[in-house]
Number of protein chains: 2
Amino acid sequence: MSDTNPQARRVFEQNERCPIRNVVAQIGDKWSILILFALVDGPDRFNALKSRIQGISQRMLTQTLRDLERDGYVKRTVYPQVPVKVEYELTELGRGLAKPAWQLVSWADDHFDEIASARASYDEANQAE
Amino acid sequence: MSDTNPQARRVFEQNERCPIRNVVAQIGDKWSILILFALVDGPDRFNALKSRIQGISQRMLTQTLRDLERDGYVKRTVYPQVPVKVEYELTELGRGLAKPAWQLVSWADDHFDEIASARASYDEANQAE
DNA sequence: AGATCTTAGTATACATAAGTAACTAATTGG
DNA sequence: CCAATTAGTTACTTATGTATACTAAGATCT
């Protein structure tokens, strides 16, 4: 990320293909990464995902799956049975994304206590909320 | 992320210390990662950050810096001059976070074209917006 | 002395995105 | 006909972000 690294500037500055604004902001929401990891073990159905990802509403599951499908991370397959069966699975791109995402989550898990205690002391110092 | 990996389950399931909900969701907003990378080269002042991070408003810069400070990624130092000088810099924790975050952004940059074309063909298939 | 400049913010009003709870369509089984 | 199941919508509420104007605390110019 120094000035000798031109890629850093390209990634950092505002432009049409800024990967932070286009990709990270997209998957940085409340549910995308959770759904991504829920699908790493293999394809799964709508309601199965819904019960595995605790706390997600039907609407957010639908919407986030659509966004992931739109960006090419997830493939949606409809089986015209009755009741209809819809299966979601990661694409090659989705499995690729899961790797660096896992590094980040893993780091977050390792440093959870540090972050939590930083938060606690910040809140104590500024109790005037 | 298979069933043989108990850490995966711990990270994935809903609980008080789910790192996805507590850390990734926090820094996954529109500006956190941009500010983080803007500070990787060294400390910087409020207005300097504001002009380097194109498109950010004063309010969002203030607010996001406070959130990053709260979680322990950023240190804020006030120099009581006139006009007052305020410097922001990454902590050791912030520099640690920058590494996996950079991996992710780097992956996003490498696969930008793939994602963009997935988006384009999805939008073409569902033009009814 | 009074007006004006600087930095680092707040305050306010408003727009857009994200989230919740309740409802719907299509069909099978009893 | 009634209930159950799957995969969603619709209408509404709350959170997040934007645009613009304003403030504090001196320093410097007139």
Side-chain angles (χ1 to χ4, degrees), chain A residues 14 18 20-36 38-39 43-71 74-89 122 126 128-129, chain B residues 14 18 20-22 24-35 38-39 43-71 74-89 119 122 125-126 128-129:
Chain A
Q14 184 180 40
C18 169
I20 301 176
R21 292 167 212 253
N22 276 290
V23 181
V24 179
Q26 189 70 229
I27 60 157
D29 65 8
K30 199 172 172 183
W31 303 110
S32 293
I33 300 275
L34 284 165
I35 294 177
L36 195 80
L39 290 172
D44 212 349
R45 303 181 58 180
F46 187 88
N47 275 344
L49 284 171
K50 183 166 169 291
S51 57
R52 283 175 62 205
I53 301 168
Q54 295 166 44
I56 197 167
S57 68
Q58 276 178 315
R59 186 191 204 272
M60 291 317 298
L61 182 55
T62 302
Q63 202 173 93
T64 310
L65 281 168
R66 289 292 141 79
D67 290 344
L68 292 173
E69 190 194 353
R70 178 168 183 260
D71 281 8
V74 162
K75 179 164 176 277
R76 177 176 182 266
T77 311
V78 180
Y79 297 90
Q81 312 170 347
V82 168
V84 65
K85 172 177 159 185
V86 180
E87 225 173 44
Y88 294 92
E89 62 186 310
Y122 181 95
N126 313 23
E129 299 143 313
Chain B
Q14 183 180 41
C18 169
I20 301 177
R21 292 165 212 255
N22 276 290
V24 179
Q26 188 72 224
I27 59 156
D29 66 8
K30 199 172 172 183
W31 302 111
S32 292
I33 300 276
L34 284 166
I35 294 176
L39 290 173
D44 212 347
R45 302 178 60 179
F46 186 85
N47 276 344
L49 284 170
K50 184 166 169 290
S51 56
R52 284 175 60 206
I53 302 169
Q54 295 166 44
I56 197 168
S57 66
Q58 272 180 317
R59 186 189 204 273
M60 290 317 298
L61 182 55
T62 301
Q63 203 173 91
T64 310
L65 280 168
R66 291 291 143 78
D67 290 344
L68 293 172
E69 191 193 353
R70 178 171 185 259
D71 280 9
V74 162
K75 180 164 176 279
R76 177 175 182 267
T77 312
V78 181
Y79 298 91
Q81 312 169 346
V82 167
V84 65
K85 172 177 157 182
V86 181
E87 227 173 42
Y88 294 92
E89 64 187 307
R119 263 182 213 176
Y122 181 94
N126 311 26
E129 294 143 315

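Computed over heavy atoms, backbone and side chain alike; hydrogens, waters and symmetry mates excluded. Each chain gets a letter, A, B and so on, in the order the sequences are listed, and its residues count up from 1.
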Listed nucleotide nearest any side-chain atom of Met60(B), set dG17(D), dA27(D), dG8(D): dG17(D)
Measure the distance from CD on Glu69(A) to C1' on dA7(D) and round it to the nearest whole Å. 14 Å
Distance in angstrom units between Leu65(B) CG and dT10(C) P, rounded: 11 Å
Donor-acceptor under 3.5 Å (Arg52(B) side chain, Ala38(B) main chain): yes
Please compare Trp31(A) and Arg76(B) by the position of their nearest nucleotide in DNA chain C and report the one closer to 5'. Arg76(B)
In whole Å, what is the span from the CG atom of Asp44(B) to the P atom of dT7(C)? 13 Å
Considering only heavy side-chain atoms of Arg66(A), the closest of dT7(C), dT9(D), dT6(D) is dT9(D)
For Arg59(B), answer base if it contacts any base atom (sugar-phosphate contacts may also be present), sugar-phosphate if it contacts only those atoms, and nothing otherwise; contact means non-hydrogen atoms under 4.0 Å. base
Could you give me the CA-CA distance, side-chain angles and deciding distance for Thr64(A) and Lys30(A), then say whether side chain to side chain contact (heavy atoms under 4.5 Å, CB included) is met? CA-CA 9 Å; Thr64(A) 310; Lys30(A) 199 172 172 183; over 6 Å; no
In this structure, how many angstroms lie between the C1' atom of dT27(C) and the NZ atom of Lys85(A), rounded? 17 Å
Nearest-nucleotide pick for Pro83(B), side chain only, options being dT9(D), dT7(C), dT6(D): dT7(C)
With nearest nucleotides of DNA chain C determined for Thr64(A) and Val82(A) from heavy-atom distances, which residue corresponds to the more 5′ nucleotide? Thr64(A)
Side-chain contact check for Val86(B): nearest option of dG8(D), dG19(C), dG9(C) is dG9(C)
Under the side chain to side chain contact (heavy atoms under 4.5 Å, CB included) criterion, do Asp71(A) and Val23(A) qualify, and how do the steps go? CA-CA 9 Å; Asp71(A) 281 8; Val23(A) 181; over 6 Å; no
Does the side chain of Trp31(A) reach to within under 4.5 Å of the side chain of Gln63(A), using non-hydrogen atoms? no
Length of the line joining Lys30(A):NZ and dT20(C):C1', which is rounded to integer Å: 10 Å
Tyr79(A) near the nucleic acid: base, sugar-phosphate alone, or nothing, with a heavy-atom cut-off under 4.0 Å? nothing
Can you tell which of dG9(C), dG8(D), dT18(D) lies closest to the side chain of Ser57(B)? dT18(D)
Base, sugar-phosphate, or nothing for Asp29(A), non-hydrogen atoms under 4.0 angstrom? nothing
If I take atom CG in residue Leu34(A) and atom C1' in nucleotide dA18(C), what distance separates them, rounded to the nearest angstrom? 15 Å
Regarding Lys50(B), tell me which of base, sugar-phosphate or nothing describes its non-hydrogen contacts under 4.0 Å with the strands shown. nothing
Let me know the distance between CD of Glu87(B) and P of dG9(C), rounded to the nearest Å. 12 Å
Short side-chain N/O contact from Tyr88(A) to OP1 or OP2 of dT6(D), under 4.0 Å: no
Separation of dG9(C) atom P from Leu61(B) atom CG, nearest Å, is 8 Å
Looking only at non-hydrogen atoms, find the nearest pair between Ile27(B) and Ile33(B) and report the distance. O-CG1, 3.4 Å
